[in-house]
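Down below is the structure, laid out as structure tokens.
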Amino acid sequence: MDAADTDARTGADARLADFERTIERDQRIEPRDWMPDRYRSTMVRQIAQHAHSEIIGMQPEGAWITRAPSLRRKAILLAKVQDEAGHGLYLYSAAETLGADRPELTARLISGRQKYSSIFNYPTPSFADVGVIGWLVDGAAICNQVPLCRSSYGPYARAMIRICKEESFHQRQGYELLMTLMRGTEAQRRMVQESVDRWWWPSLMMFGPPDAESTHTAQSMAWKIKRHTNDELRQRFVDMTVPQAAALGVTLPDPDLRWNAERGHHDFGEVDWSELKRVISGDGPCNAERIEVRRAAHEDGAWVREAAAAHAAKRARREGEAA
Ligand code: 3HC
């Protein structure tokens, strides 16, 4: 190896050592810092799929905005769905700090080359679903996203802090909606229980496959992208939700669910991992519809992007001429 190679090698080793020291000290990796290519690609993968999930996640509840039972419920639901759009935009911006190209990320989503959360591929046939999504899906999101506020990549962690504040409103509005329904008629109580029965297991699947089958968890934990494993967060969600279900007066559809004093956690039944695999691979109840709506919205919005780009180019030319 000649002197130049040795210098280059020493430089690369020093950069890697610096990166690892930053991670070890629980400090943040920032956009201008050197980072291993694999760290960059893992962050783009996770952040992009998180952003896709937020945008696709607007559809299931958005379907109820025009059918909300009161102006108050409509206003709350509108605010929540708009929040999800904002979460998507923060996260696409965080992905762009890693050199990702937003139109390219959207193209990957629409063509199925990038994922979004399985949970958004289920239908919302009753208004109780709006409450159960807020309570269970946003509740699961909070369990998953609060630790991400301490993720090693700076822009992602900072986006999470703002997102988590809004998620807690999402979860509370859902739970309050369900409390109202549970104080209503027998038919309304049955509607809530039927919705809980449909959303409970898919909510547990949001945390990903079991640790033993997780492709990325070990490396993501080593790089402090993830601060807990999939199974740890799933368990935390179950433990948090059981007393909430009791206070609501609904039962969770798992005959194996019980407190295990020895473990200090709730035991729960086996998740149907084949269902998660099916839904992730595109064979969920609403996958085709969700992507078709996203594709159509992207195409319908092309004129807005073109107009904004033309306006920006014109202003840049004017500023260039004035300089
Ligand atoms: N749905 C779709 N894909 C999933 C999935 C799920 N529920 N769980 C895992 N996967 C995918 C992973 O993306 C990975 O595929 P890839 O290599 O093509 O990216 C594969 O299955 C293996 O899973 P791993 O556990 O190895 O992958 P991760 O380490 O990335 O863990 C994760 C998966 C826990 C979802 C992690 O990516 C994560 O924490 N992401 C950030 C949070 C997020 O994206 N949440 C999605 C919901 S957004 C939301 O809830 C919005 C709220 O407002 C409602």
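Start at 1 with the first residue, then count along the sequence. Start at 1 and go down the list; that is how both ligands and their atoms are numbered.
Against a heavy-atom cut-off of under 4.0 Å, Tyr156 is close to the following atoms of ligand 1: 41 (C). Atoms of ligand 1 found under 4.0 Å from any heavy atom of Tyr116, numbered from 1 in the order shown, are 1 (N), 2 (C). Of all atoms in ligand 1, numbered sequentially from 1 with element shown, those under 4.0 Å from a heavy atom of Gln46 are 37 (O), 38 (C), 39 (O), 40 (N), 41 (C). In summary, the atoms of ligand 1 found under 4.0 Å from a heavy atom of Gly208, numbered by their order in the structure, are 8 (N), 9 (C). The contact set between ligand 1 and Gln49, taken as ligand atoms under 4.0 Å from a residue heavy atom, comprises 13 (O), 19 (O). Close contacts of ligand 1 with Asn230, meaning ligand atoms under 4.0 Å from a residue heavy atom, involve 25 (O), 34 (C). Within ligand 1, the atoms closer than 4.0 Å to a non-hydrogen atom of Phe207 are 34 (C), numbered from 1 in the order shown. Taking every heavy atom of Phe120 and a limit of under 4.0 angstrom, the matching atoms of ligand 1 come to 54 (C).
Taking only nitrogen or oxygen atoms, main chain and side chain alike, Ser220 does not reach within less than 3.5 Å of ligand 1. The N/O atoms of His216, backbone and side chain alike, include one that comes under 3.5 Å of an N/O atom in ligand 1. Note: no N/O pair closer than 3.5 Å links Leu276 and ligand 1 by distance alone.
Nearest protein heavy-atom neighbour of atom 39 (O) of ligand 1: Asn144 ND2, 3.0 Å. The protein heavy-atom contact nearest to atom 7 (N) of ligand 1 is Ser118 OG, 3.0 Å. The shortest contact between atom 18 (O) of ligand 1 and any protein heavy atom is with Lys115 NZ, 2.5 Å. Nearest to atom 48 (S) of ligand 1 among the protein's heavy atoms is Ser53 CB, 3.6 Å. For atom 35 (C) of ligand 1, the nearest protein heavy atom (residue, atom name, distance) is Met206 O, 4.1 Å. Nearest protein heavy-atom neighbour of atom 30 (O) of ligand 1: Arg45 NH1, 2.9 Å. The single protein non-hydrogen atom nearest to atom 22 (C) of ligand 1 is Thr215 OG1, 3.4 Å, given as residue, atom name and distance. Counting protein heavy atoms only, atom 21 (O) of ligand 1 is closest to Ile280 CD1, 4.1 Å.
Ion pairing of Asp18 with Arg15 is absent here, as no side-chain N (NZ or NE/NH1/NH2) approaches a carboxylate O to less than 4.0 Å. Note on Arg317 versus Glu321: no salt bridge recorded, every NZ/NE/NH1/NH2 to OD/OE distance being 4.0 Å or above.
For atom 53 (O) of ligand 1, the nearest non-hydrogen atom from the set Glu84, Glu213, Gln171, His52 comes from Glu84. By heavy-atom distance, the residue among Glu61, Gln114, Met58, Glu167 lying nearest atom 52 (C) of ligand 1 is Glu167. Summarising the contacts of atom 46 (C) of ligand 1 with Gly57, Pro209, Ala51, Ser117, the nearest heavy atom is found in Ser117.
Inter-residue side-chain proximity for Ser53 and Phe120 is flagged as met; some heavy-atom pair is nearer than 4.5 Å. A 4.5 Å side-chain heavy-atom check between Tyr153 and Pro31 finds at least one atom pair inside the cut-off. The closest side-chain heavy-atom distance from Leu98 to Met35 is below 4.5 Å.
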Audit row: Leu136, Trp200, side-chain contact (heavy atoms from CB on, under 4.5 Å) steps and yes/no: CA-CA 7 Å; Leu136 293 183; Trp200 174 245; 4.2 Å; yes
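In this model, a donor atom of one side chain and an acceptor atom of the other lie less than 3.5 Å apart for Gln244 and Trp135. Using a 3.5 Å distance cut-off with no hydrogens or angles, the side chains of Ser111 and Arg113 do pair a donor with an acceptor. There is no side-chain donor-acceptor pair under 3.5 Å between Gln235 and Asp231. Counting only N and O atoms by type, the side chains of Gln219 and His216 include no donor and acceptor under 3.5 Å apart. Using modelled atom types, one finds no donor on one side chain facing an acceptor on the other under 3.5 Å when comparing Arg198 with Tyr122.
Test Glu84, Arg294, Lys115 against Ile56 for side chain to side chain contact (heavy atoms under 4.5 Å, CB included) and you get one pass: Arg294. Of the candidates Tyr156, Phe19, Trp34, Phe19 is the only one forming a ring-ring contact (aromatic ring centres under 6.0 Å, His included) with Tyr39. Under the side chain to side chain donor-acceptor pair (under 3.5 Å) test applied with Gln114, the options His52, Gln49, Arg45 reduce to a single match, His52.
At a 4.0 Å cut-off, at least one heavy atom of Lys226 sits close enough to ligand 1 to count as contact.
Residue contacts with ligand 1, taken as heavy atom pairs separated by less than 4.0 Å, do not involve Leu233 at all.
The nearest protein heavy atom to atom 43 (C) of ligand 1 is closer than 4.0 Å.
A 6.0 Å sphere centred on CG of Asp37 holds no more than 12 heavy atoms belonging to other residues, nucleotides or ligands.
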